[in-house]
2 protein chains.
Amino acid sequence: MTTTPTADWLRLDQQICFSLNAASRAFGGVYRVVLKDLGLTYPQYLVMLVLWEHGDLPVKKLGEHLRLDSGTLSPLLKRLEAAGLVRRERSARDERSVEVRLTEEGAAMRERALQVPRRIATATGFDVDEIRALRARLDQLTEALDAAAVEEAAVNAAAESPGRGA
Amino acid sequence: MTTTPTADWLRLDQQICFSLNAASRAFGGVYRVVLKDLGLTYPQYLVMLVLWEHGDLPVKKLGEHLRLDSGTLSPLLKRLEAAGLVRRERSARDERSVEVRLTEEGAAMRERALQVPRRIATATGFDVDEIRALRARLDQLTEALDAAAVEEAAVNAAAESPGRGA
DNA sequence: CGTCATTTAGTTGTAGGCAATTGAATTGTG
DNA sequence: CACAATTCAATTGCCTACAACTAAATGACG
């Protein structure tokens, strides 16, 4: 049982989100180096991962896997297309939808990418089980935060227009 | 002891960095909502935290606390200045340096910000000790990654120009 | 004193991320 | 069928992040 003075709650080094941010950006640094020979940025690499795993997908599905919307994906996919790794084709069945397809070159890159996860895993200094445990913890955190964001948004909306409360 | 087929290493849901990214962005969502009445973005809030904790600081020091460089801080600080929370003044002793000072309004905002960490902590669904443990784990991860980035960069540099090896 | 390397902010260019809007296609409903 | 609501991708605008570069000021050293 550890009590903390209220004032200290504002200390930067107590903010979990700061540690999280720092770790995320540190990963960015490692990926930047490791992905350089593939010519990919980290988010582009994530898109390729999804395509390698699931095959061709509409932008919508891609976004669901990655939790990204079209505002982020559209320009990113254009860059992948310009790099020759991907084609974007309007679906014939549903003209609203755009299918993202791997090119030969994009599919071929998978082989070269196989070494990436191992290099990254090594860089973390964690073993497989530690990584798994941390992942589980983070996913749990994300779930709680997503739920809370909805809650908070509802509270805020109620505060702005005190319409019909429960 | 769990062996994983090499091919599976590319699976998105095995990438620790993805969980990390997702959590980081989920935090972003909560902070966006919680910080709305303060009119701050999350990185701006971090800057304010540092200033509240350490008082006026040159841009350089601010960047060291936050691991951000002038390319990120300069425009961000301009926005804080435009919002009236901060002043930027060329140091008299060293004209290269720019002191970032809290305005009355900026200092006063601290009171209103005191509630933020509690709301965020609640949103995580974790208790204080769980947060502390996760923070420690993440900081450890960041340290390992920072070290590895340097290693990898050295390897890459050596590969590009095979100059004098050890 | 003068020159040169270093330090410090700022700027530019590229790339994410996200909210809000737009426009086209599809679906549901009368 | 007609028309409204919905879905989907793209676009716009704003805010990070970071590499590479510029410009000004400082410090060290011959």
Side-chain angles (χ1 to χ4, degrees), chain A residues 17-18 21-33 35-36 39-47 57-64 66-83 86 88-100 146 149 153 156-157, chain B residues 17-18 21-33 35-36 39-47 57-64 66-83 88-100 146 149 153 156:
Chain A
C17 58
F18 181 73
N21 236 318
S24 184
R25 276 157 49 206
F27 257 121
V30 176
Y31 271 106
R32 213 186 326 283
V33 177
L35 292 176
K36 210 169 83 173
L40 294 176
T41 66
Y42 169 59
Q44 290 167 7
Y45 169 71
L46 290 184
V47 168
L57 284 175
V59 174
K60 182 71 189 308
K61 291 288 179 190
L62 212 45
E64 285 170 8
L66 296 167
R67 307 170 131 260
L68 293 173
D69 70 0
S70 65
T72 301
L73 284 176
S74 287
L76 191 158
L77 291 171
K78 274 192 199 170
R79 285 187 279 274
L80 286 182
E81 187 169 43
V86 135
R88 293 179 305 145
E89 291 168 8
R90 217 92 220 178
S91 162
R93 272 178 288 84
D94 186 341
E95 291 274 338
R96 293 170 303 183
S97 174
V98 169
E99 287 282 327
V100 182
D146 282 345
N156 266 19
Chain B
C17 57
F18 180 72
N21 235 321
S24 183
R25 277 155 48 206
F27 258 121
V30 177
Y31 271 107
R32 211 187 328 283
V33 178
L35 292 176
K36 210 169 84 171
L40 294 176
T41 66
Y42 169 60
Q44 290 167 6
Y45 169 71
L46 289 184
V47 167
L57 285 175
V59 174
K60 182 72 190 307
K61 291 287 179 192
L62 210 47
E64 285 171 8
L66 296 168
R67 306 169 132 260
L68 292 173
D69 69 0
S70 65
T72 301
L73 285 176
S74 287
L76 190 159
L77 291 171
K78 274 191 200 170
R79 283 187 279 273
L80 286 182
E81 187 169 43
R88 293 179 305 146
E89 290 168 7
R90 217 92 219 179
S91 162
R93 271 177 288 84
D94 185 342
E95 291 273 338
R96 293 169 302 182
S97 175
V98 169
E99 286 283 327
V100 181
D146 282 345
N156 267 19

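Worth knowing before you read on, the calculation uses all heavy atoms, side chains too, and leaves out hydrogens, waters and symmetry mates. These numbers were taken from a predicted model, which means no experiment stands behind them. Chain letters run A, B, ... following the sequence lines, proteins first and then strands; every chain starts at 1.
Whole-Å rounding puts the A:L40 CG to C:dT14 C1' distance at 15 Å. Distance A:K36 NZ to D:dA19 P: 11 Å, rounded to the nearest Å. Going from atom OH of A:Y45 over to atom P of C:dG16 covers 15 Å, rounded to whole Å. The NZ atom of A:K61 sits 8 Å away from the P atom of D:dC8 (whole-angstrom rounding). Separating the CG atom of B:L35 from the C1' atom of C:dC18 is a distance of 15 Å, rounded to the nearest angstrom. Between the CZ atom of B:R79 and the C1' atom of D:dG13 there is a distance of 12 Å, given to the nearest Å. Here D:dT16 presents its C1' atom at 18 Å from CZ of B:F27, a figure rounded to the nearest Å. For A:L68 and C:dG16, the CG to C1' distance is 9 Å, given to the nearest whole Å.
B:L73 comes within contact range of no nucleotide atom at all, as no heavy-atom separation falls under 4.0 Å. The residue B:K78 sits close only to the backbone: its heavy atoms come under 4.0 Å of sugar-phosphate atoms, none of a base. A:S70 comes within 4.0 angstrom of a nucleotide base, judged by non-hydrogen atoms across all strands. In this structure, A:S97 reaches the sugar-phosphate backbone alone: every heavy-atom distance under 4.0 Å involves primed, P, OP1 or OP2 atoms, never a base. Across all strands, A:P75 comes closer than 4.0 Å to no nucleic acid atom at all (heavy-atom distances).
Listed nucleotides C:dC18, D:dT11, D:dA17 differ in distance to A:N21; the shortest reach to its side chain belongs to D:dA17. Checking C:dG17, D:dA17, D:dC18 against every side-chain atom of B:D69, the shortest atom distance belongs to D:dC18. Listed candidates were D:dC18, C:dA9, D:dA10. Nearest to the side chain of B:K60 is C:dA9. The nucleotide whose nearest atom lies closest to any side-chain atom of B:D94 is, among C:dC18, D:dT26, C:dG16, D:dT26. The listed nucleotides are D:dT16, D:dA10, C:dA9; the one nearest the side chain of A:V98 is D:dA10.
One finds no side-chain N or O of A:R90 lying less than 4.0 angstrom from the OP1 or OP2 phosphate oxygen of D:dC8. Contact annotation: A:R93 side-chain N/O to C:dA25 OP1/OP2 distance is not under 4.0 Å. For A:R88, a side-chain nitrogen or oxygen approaches OP1 or OP2 of D:dA10 to under 4.0 Å.
B:Y45 and B:L40 make their closest contact through CA-CD1, 4.0 Å (heavy atoms, listed as atom of the first residue, atom of the second, distance). Taking both residues in full, the closest heavy atoms of A:E99 and A:P58 are given as OE2-CD, 3.7 Å, listed atom of the first, atom of the second, then distance. The shortest non-hydrogen separation linking A:R96 to A:R90 is O-NH2, 3.1 Å.
Along DNA chain D, the nucleotide nearest A:T72 and the nucleotide nearest B:E95 are compared for position; the residue whose nucleotide lies closer to the 5' end is A:T72. Of the two residues near DNA chain C, A:T41 and A:R96, the one whose nearest nucleotide lies more 5' is A:T41. When each of B:G29 and B:G71 is assigned the nucleotide of DNA chain C with its nearest heavy atom, B:G71 is the one assigned upstream, toward the 5' end. Of the two residues contacting DNA chain D, namely A:A26 and A:E99, the nearest-nucleotide position lying further toward the 5' end is that of A:E99.
Contact annotation: the side chain of A:D146 approaches that of A:R67 to within less than 4.5 Å [non-hydrogen atoms, C-beta and beyond]. The shortest side-chain heavy-atom distance between B:L62 and B:L68 does not fall under the 4.5 Å cut-off.
Tested against A:L77, the residues A:V98, A:T72, A:V47 include a single side-chain contact (heavy atoms from CB on, under 4.5 Å) partner, A:V47.
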